[in-house]
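Worksheet: one structure, shown below.
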Amino acid sequence: MTQVVLRPGDIVHVGPEASVQFSGDRALNLRIIRVDPRITYDGWMWIDGYVLGPAGKALQRRRIFVRRDGLRPERV
């Protein structure tokens, strides 16, 4: 499996596959502004970004800890 490189500006869907805390109506779309390069648990990562509303506008800045394989790239 090829691992996608995440970059600032990418938009990803963050749901329960990324972390149980994003289950159900807590799922969100996030525009990445920074990927923390520090090593964490295998397969997990810290990312900074903006939560996007239905119209694609930034609503809130967040820093989240998620499973890389659980992030789903969104098309703009």
Side-chain angles (χ1 to χ4, degrees):
M1 176 187 237
T2 304
Q3 195 169 51
V4 175
V5 175
L6 298 173
R7 295 186 174 93
D10 289 348
I11 297 173
V12 292
H13 178 78
V14 184
E17 299 83 10
S19 177
V20 68
Q21 68 180 329
F22 299 107
S23 296
D25 63 352
R26 297 192 68 185
L28 53 88
N29 286 331
L30 189 83
R31 183 183 325 123
I32 297 173
I33 56 175
R34 180 177 180 271
V35 177
D36 194 320
R38 291 179 288 179
I39 296 172
T40 64
Y41 296 104
D42 189 35
W44 289 77
M45 63 191 298
W46 284 100
I47 54 176
D48 297 317
Y50 290 103
V51 176
L52 301 178
K57 295 201 178 225
L59 301 176
Q60 178 186 29
R61 185 172 175 163
R62 297 270 309 261
R63 182 160 205 231
I64 59 176
F65 188 62
V66 291
R67 284 186 47 244
R68 177 185 286 274
D69 291 343
L71 298 173
R72 190 175 74 221
E74 290 290 315
R75 295 188 179 185
V76 181

Worksheet item: Does the pair Met45 and Ile47 meet the rule for a side-chain contact (heavy atoms from CB on, under 4.5 Å), with working shown?
Response: CA-CA 6 Å; Met45 63 191 298; Ile47 54 176; 3.5 Å; yes

Discussion item. For Leu52 and Leu59: C-alpha separation, side-chain torsions, deciding distance, then whether side-chain contact (heavy atoms from CB on, under 4.5 Å) applies.
Written reply: CA-CA 6 Å; Leu52 301 178; Leu59 301 176; over 6 Å; no

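Shown here are the salt bridge (charged side-chain N to carboxylate O under 4.0 Å, His left out) partners of Arg61, two or more places apart in sequence or in another chain: there are none. Every side chain to side chain donor-acceptor pair (under 3.5 Å) that Arg38 has, sequence neighbours left out, goes to Asp36.
Across all their heavy atoms, Glu74 and Val12 have their closest contact at CG-C, 4.0 Å.
Pairs passing the ring-ring contact (aromatic ring centres under 6.0 Å, His included) check and including a residue from residues 34-53, sequence neighbours excluded, read Trp44-Phe65, Trp46-Phe65. Sorted by first then second residue, the salt bridge (charged side-chain N to carboxylate O under 4.0 Å, His left out) pairs that include residues 49-60, not counting sequence neighbours, number zero.
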Please report, to 0.1 Å, the donor-acceptor pairs under 3.5 Å made by any side chain of residues 17-33, with sequence neighbours excluded.
{"unit_1": "Ser23", "atom_1": "OG", "unit_2": "Val20", "atom_2": "O", "d": "2.8"}
{"unit_1": "Asn29", "atom_1": "OD1", "unit_2": "His13", "atom_2": "ND1", "d": "3.1"}

